[in-house]
Amino acid sequence: MNILVINSGSSSIKFQLLDMVAERVLASGLVERIGEALGRIKCTLRPGTGSERVVVRENRIADHTSGMRLAVEILTDPADGVIAQPSEVTAIGHRVVHGGEDFHQPTVIDDRVLAAIANNVPLAPLHNPANLAGIRVAQELFPQAAQVAVFDTAFHQTIPAHAYHYAIPYRLYEEERIRRYGFHGTSHKYVAGECARAMGRPLAELNIITIHLGNGCSMAAVGGGRSLDCTLGFTPLEGLVMGTRSGDLDPAIHAYLARNCGMDIEAIDTLLNKESGLKGLCGLNDMRDIHAAIAEGDQRARLALEVQTYRNKKYIGAYTAVLGRVDAIVFTAGIGENDAVTRAKSLAGLEPFGIVLDDERNRHPGGGPALLSHGTSRVEVWVIPTNEELAIARETKAVVAG
Ligand code: ADP
């Protein structure tokens, strides 16, 4: 059973073809700069095997359809493609950013589902239209394959009302659908499941805090396998300090910037989404660069690290209170998987909560899921590599299998 995972953005398409019997990646690729003067597709066939091959083509790629056509050409190349024809793809799993309140589960795409995704465009004006474009292309190029939507928000639909409501007039929830949705759901669900597997215990019995620290950063409180809260809110701007996004701030700062700094709404939106976070504090948004700058004595870089890890710690405390008893804390994504300093600082001083890191394990976790906590720690601390494509492929397989 071959499943193609598609993550379609406004000017790019990320794709991965997996053999879901062996859970093996057959090919993965990226089409980028769609619609620009010079587009590019890079596809790695049979990654990690002796016959790995990387194909790169640079041409103008007018639209998503031509981009995906190029990908299909490479995947089905008679000389060294990985499938003979598109009909060898059983199902396609589409990452869709916003499912609003309509979707609690991955769902087979039909006209009703397409209409609901379109209805959620106001909630994700950049992402949902691009996701819809990807779905239309896939329907055209793989007419026989089942098409499944896997929503970034779906896992968080179990968050209870007291956690998803903002304390603003209720009519804004009813009329504008303003509430916490939470994002990165596929990643939080996947690492919580993998953590339970690594611990050898049923997910239903565990309370887990999952911490996704990449360019985007979020934390979730997962009780018995269900999301009970997430730091990302109405949009992916709330909560933790991210690469270029501010995370939490006093909402009155918006009004102050408008009244006192002459900024309009677009400028404020750009400031908080693209020029804030780690980058806003020190000019750098890659954690590796921040460590290099700290080593050279850059005080702003140090401050950025302190602000981000303090916010992480504050939410670990909050979600400990939400869950009551915490069995495990999981770090994942680029920073979470690779940065021992961030993990140590985020957990420093939490020994009274039963959280004790093992310094040596934290510094050298090795690849794959790894236990980082000390034998005396009541709470297990894990690093679990996230794998959104595999997670989407598994969800898609489960939907297709019924
Ligand atoms: P995205 O959210 O775009 O999927 P990733 O999960 O790939 O991002 O995380 C990207 C970030 O991970 C980089 O910006 C960088 O800050 C961080 N990162 C990657 N590798 C390392 C490393 N070895 N040490 C510290 N940070 C790292």
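For the single chain, residues carry numbers from 1 onward in sequence order. Note that the structure is a prediction, hence the values are computed from the model and not measured.
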Does any N or O in the side chain of Asn128 come within less than 3.5 Å of the main-chain N or O of Ile117, such that one atom is a donor and the other an acceptor? yes

Applying salt bridge (charged side-chain N to carboxylate O under 4.0 Å, His left out), can you list everything that pairs with Arg60, at least two apart in sequence or on another chain? none

Donor-acceptor check, side chain of Arg245 to backbone of Pro236, threshold 3.5 angstrom: yes or no? yes

Is atom CG of Asp110 surrounded by more than 12 heavy atoms (other residues, nucleotides or ligands) closer than 6.0 Å? yes

For Phe183 and His156, I'd like to know if the aromatic rings sit close, meaning centre-to-centre distance below 6.0 Å. no

Can you tell me if OH on Tyr256 sees more than 12 non-hydrogen neighbours from other groups inside 6.0 Å? no

With a 4.5 Å heavy-atom cut-off, do Pro86 and Leu141 have their side chains touching? no

Main-chain N/O of Gly354 paired to Ser377 side chain as donor or acceptor, under 3.5 Å: yes

Mark yes or no for whether Glu380, through its side chain, and Ala328, through its backbone, hold a donor-acceptor pair below 3.5 Å. no

Enter the distance from Met20:CE to Leu390:CG here, rounded to the nearest 0.5 Å. 5.5 Å

Once you measure the plane-to-plane angle for Tyr181 and Phe234, does it fall in the parallel (<30°), tilted (30-60°) or perpendicular (>60°) bin? tilted

If I take atom CE from residue Met242 and atom CG from residue Asn215, how far apart are they, to the nearest 0.5 angstrom? 11.0 Å

How long is the straight-line distance from CG of Leu75 back to CG of Leu45, given to the nearest 0.5 Å? 7.0 Å

Give a yes or no on whether the backbone of Ala192 and the side-chain of Thr210 come within a donor-acceptor separation of less than 3.5 Å. no

Separation between CE of Met199 and CG of Leu371, rounded to the nearest 0.5 Å: 8.5 Å

So, are Lys345 and Glu306 salt-bridged, with charged N and O less than 4.0 Å apart? yes

Would you check if Phe331 and Leu213 make a side-chain contact, meaning some heavy-atom pair closer than 4.5 Å? yes

Working to the nearest 0.5 angstrom, can you tell me the gap between Cys43 SG and Asp77 CG? 10.5 Å

Out of curiosity, Trp382 CH2 to Ser373 OG, how far, rounded to the nearest 0.5 Å? 8.0 Å

Flag yes if more than 12 heavy atoms outside Arg325 fall under 6.0 Å of its CZ atom; otherwise flag no. yes

What pair of heavy atoms forms the shortest contact from Ser66 to Ile61, and how long is it? C-CG2, 4.1 Å

Spell out, as yes or no, whether a donor-acceptor pair under 3.5 Å connects the side chain of Asn120 to the backbone of Gly99. yes

Just checking Arg177: does its CZ atom have more than 12 heavy atoms from other residues, nucleotides or ligands closer to it than 6.0 angstrom? yes

Salt bridge present between Arg57 and Glu73 (N-O < 4.0 angstrom): yes

Backbone N or O of Leu232 within a donor-acceptor pair of the Arg180 side chain at under 3.5 Å? yes

Can His291 and Asp339 be counted as having a side-chain donor-acceptor contact under 3.5 angstrom? yes

Does the distance from a Lys or Arg side-chain N to an Asp or Glu carboxylate O, for Arg197 and Glu194, drop under 4.0 Å? yes

Validation row, ring centre Phe155 to ring centre His188 under 6.0 Å: no

Taking Asp269's backbone N and O only, do any of them form a donor-acceptor pair with Asn273's side chain (distance below 3.5 Å, no angle check)? yes

Give a yes or no on whether the backbone of Gln105 and the side-chain of Thr107 come within a donor-acceptor separation of less than 3.5 Å. yes

Note: Lys397-Glu23 ion pair, threshold 4.0 Å (strictly below): no

Backbone N or O of Ile384 within a donor-acceptor pair of the Thr332 side chain at under 3.5 Å? yes

